[in-house]
Amino acid sequence: MKALKILLGIFISIFILVIGAGLALNYFLDLNKYIPTLESKLEASTGLVWSIEGPIKVGLFPGANLSVEGISAEDKGNAKVAQLKGQSFAFDSAHAKVAWFPQIMSKEIVIKEFALDKLRYAKRANDGAVQNLRLQQIALQDIYVGFADMKKQGLIIRPNNTNKGIGLNLNAEVEQLSKTGQSLSQMHIDFKANLEVETAASTPLQKLTMTNTQINLVLKMPQFKGDGLDTKINADVVLDLNAKAAALTNVKLTAAGEELRGKAHVNFAQSQPRITFDFNGKDLSLDGLFALMAVGDTTQTAEKSQDEAATNKPAKPAKPLPKFNVDGHIVLSNLKVKNILLDTVDLKIKGKDGAYNIAPLKAALYGGDAALNISVQGQSAPAKCAVEFDVKGIMLGGLLKAAANKDILDGALQTAGNMAVPCLAGPIDVSAVKGVINSTISNGVIQKWNVSKVLNQAQSVAKALADGQLKDVASIQNAMNVNQGDDRFEFTKMIANITLENGVAHNSLLDMQAPLSEISGDGQLDIVKSLIDYNLRLNLSKTKDNNKYFVPIKLSGPLLKPSYKIDTQKLLSSQLGSKLKDKLSKELDGKLDGALGGELLKALPF
């Protein structure tokens, strides 16, 4: 925005120049004949190519009235100010009303009104992308300008009526275009404030207070549906020009129907702007924000990817994070994220040099607590994100029901671990996630899931064998037909570890303790494809030491609805399998290895 400040200074210079010329020249002199000279002077001082269509109108009595129409400027490679390189602007008209007589006798004037109408500003980046700014109007009113002692004090600018302040109104639209001219984002801005001065009338401007500041922002992006995200900001702002700082109090930020309140302070005196803030909110829901998120057009995305691949166009490189010195605090109560309810969220944010930390982030939810430390190393691109977490006592049943509408697992969860992944360069690449997770679930139940069904069946088979109840084929079938009122498998504790790498969660340790049995296991979950490949071993608790009565189970396929079977090959190779084979041999009169026995074995559901 430095360029806009420079342009605003140029506009003011134009007005002062023209008004000064009008005061010095004959009242009836036509200034329009001097437009070419004015254009040349402006080009010589800025390096931009200027065009003033005119007319320029000046009236001097009883006050000075100035209007200029059709002014434009463009950098064609010779800009003398770095911030103006590659930029252009134009506006339809500008006008000012100035009370100058008899005030000028005391080396002062009052600008009754200064306004720019329909300003169009464009900034072109090196890669061809364009940022457009369109101002419907920017207006300032009732400004005192004193120049009695320019050497010592410079210009003294303040409200003419210190009790009333300066009214400031701005209506603008900012649009970001890609190098192909595609609109990437649009932002509509309505800004209203009353400027008040906190310095003595005879001293240069040092502090400004903006009371009743109202900013309405409407952000349109491909990620948002319809009219975009509507945001409103209300605040009282104190600008300390000497300290290059701004203090914002009584801040009320409203977005997607939700509200945050707090305060903030920004200091621009250092090479890295320092930002501190403290915000809080209650009874918040992110449903409105999620409702705005547009569903991606996968066909269009695929076509775009194919087109880029065909033309060998590299993906747009990610950029390092901006460097700010940040120290902030946010507290939220009763937060709803889709269907997940969080009682409280308390987080602190600190960072500098492009590296930021959210530590700690504490949340209370579903009867337990979660503590996270999140770090983002954004000095290079893509950024490196890492999270350490420690969760205690969260009831899984309520959380899974809310998050995925699944009632398949319940119990008190305790889990800790860490994960790291490249980030902030588009969608997260799950295959690049690395980490370690160690979890314990106490007093739990698996239900309404194929896993619970096969565990009950395996436990029933193991118990029947241990009790010597498998006397014929019918008894085997009876052991398999567990009452699926019992599509519940209760356990007292489950311990598991997970290693994440290349999009796959590897589990080498599973220890589940149930009232009648113990289960161990190992396997993996393909997170990208949501496929499971897992081996379980169920032992009756009373026979676990001699390991005679274990039942091997195989899970495979989609995670939420995996196929399952009692692993026949492993079962028959174990002592349990030998015992079963002997019993079947007797039932089939020694024909188990023949055709009849083979067909029967295939027909069994395990």
Side-chain angles (χ1 to χ4, degrees), residues 1 215 217 231 233 235-240 243-255 258-282 284 286 289 318-335 337 340 342-365 368-392 415-426 428 432-437:
M1 302 300 288
I215 306 174
L217 304 174
T231 303
I233 302 173
D236 294 328
V237 184
V238 175
L239 301 174
D240 189 329
K244 297 181 180 179
L248 291 78
T249 56
N250 301 319
V251 179
K252 182 172 75 171
L253 171 63
T254 307
E258 305 302 322
E259 181 181 296
L260 287 178
R261 292 178 178 268
K263 60 183 179 180
H265 189 274
V266 183
N267 192 310
F268 296 98
Q270 300 85 8
S271 58
Q272 294 185 27
R274 177 172 174 78
I275 304 171
T276 60
F277 59 86
D278 193 342
F279 284 97
N280 62 80
K282 63 180 181 178
L284 302 176
L286 298 186
L289 180 61
K319 297 180 179 179
L321 291 179
K323 295 181 178 181
F324 296 111
N325 191 332
V326 177
D327 188 351
H329 186 207
I330 299 176
V331 177
L332 309 175
S333 59
N334 299 328
L335 174 65
V337 182
I340 299 175
L342 295 94
D343 300 326
T344 59
V345 176
D346 189 326
L347 61 93
K348 295 181 179 179
I349 304 174
K350 291 189 177 184
K352 61 180 180 179
D353 298 326
Y356 302 95
N357 294 289
I358 302 175
L361 187 161
K362 297 180 180 179
L365 66 162
D369 299 290
L372 297 87
N373 293 336
I374 302 171
S375 67
V376 180
Q377 302 296 321
Q379 300 94 329
S380 59
K384 298 176 182 178
C385 293
V387 57
E388 297 178 353
F389 56 90
D390 188 1
V391 175
K392 296 179 180 178
T415 184
N418 60 79
M419 290 185 289
V421 63
C423 58
L424 305 183
I428 292 179
V433 177
K434 294 184 178 181
V436 175
I437 303 172

Atom CD1 of Ile428 with >12 non-hydrogen neighbours under 6.0 angstrom: no
Side chain to side chain contact (heavy atoms under 4.5 Å, CB included), paired with Val387, selected from Leu372, Val421, Asn418, Asn373: Leu372
Minimum heavy-atom distance between Tyr356 and Phe324, given as atom pair plus value: OH-N, 3.0 Å
Intermediate values then yes/no, side chain to side chain contact (heavy atoms under 4.5 Å, CB included), Leu284 and Leu260: CA-CA 9 Å; Leu284 302 176; Leu260 287 178; 4.0 Å; yes
CG on Asp278 to CZ on Arg261, rounded to 0.5 Å: 14.0 Å
Inter-residue atom distance Thr276.OG1 - Asp327.CG, 0.5 Å rounding: 7.0 Å
Nearest heavy atoms of Val345 and Leu342, plus distance in Å: CG2-CD2, 3.8 Å
Shortest non-hydrogen contact between Lys282 and Ser333, atoms and distance: CB-OG, 3.0 Å
Distance, nearest 0.5 Å, that separates SG of Cys423 from CG of Leu321: 8.0 Å
Distance-minimising heavy-atom pair for Ala355 and Gln377: CB-OE1, 3.5 Å
Distance (rounded to the nearest 0.5 Å) between Leu253 CG and Glu259 CD: 8.5 Å
Spacing of OG belonging to Ser375 relative to CD belonging to Glu388, to within rounding of 0.5 Å: 7.5 Å
Pairwise distance CG(Asp240) to CG(Asn267) - rounded to 0.5 angstrom: 9.0 Å
Candidate pair Phe277 and Ile349, rule side chain to side chain contact (heavy atoms under 4.5 Å, CB included), full reasoning: CA-CA 9 Å; Phe277 59 86; Ile349 304 174; 4.1 Å; yes
Set of side chain to side chain donor-acceptor pair (under 3.5 Å) partners for Asp369, sequence neighbours left out: none
Least distance between heavy atoms, Pro422 atom then Pro382 atom: CB-CG, 4.2 Å
Least distance between heavy atoms, Lys263 atom then Thr249 atom: CB-CA, 4.4 Å
Pair listing, side chain to side chain donor-acceptor pair (under 3.5 Å) test, anchored in residues 342-354, at least two apart: Gln272-Asp353, His329-Asp346
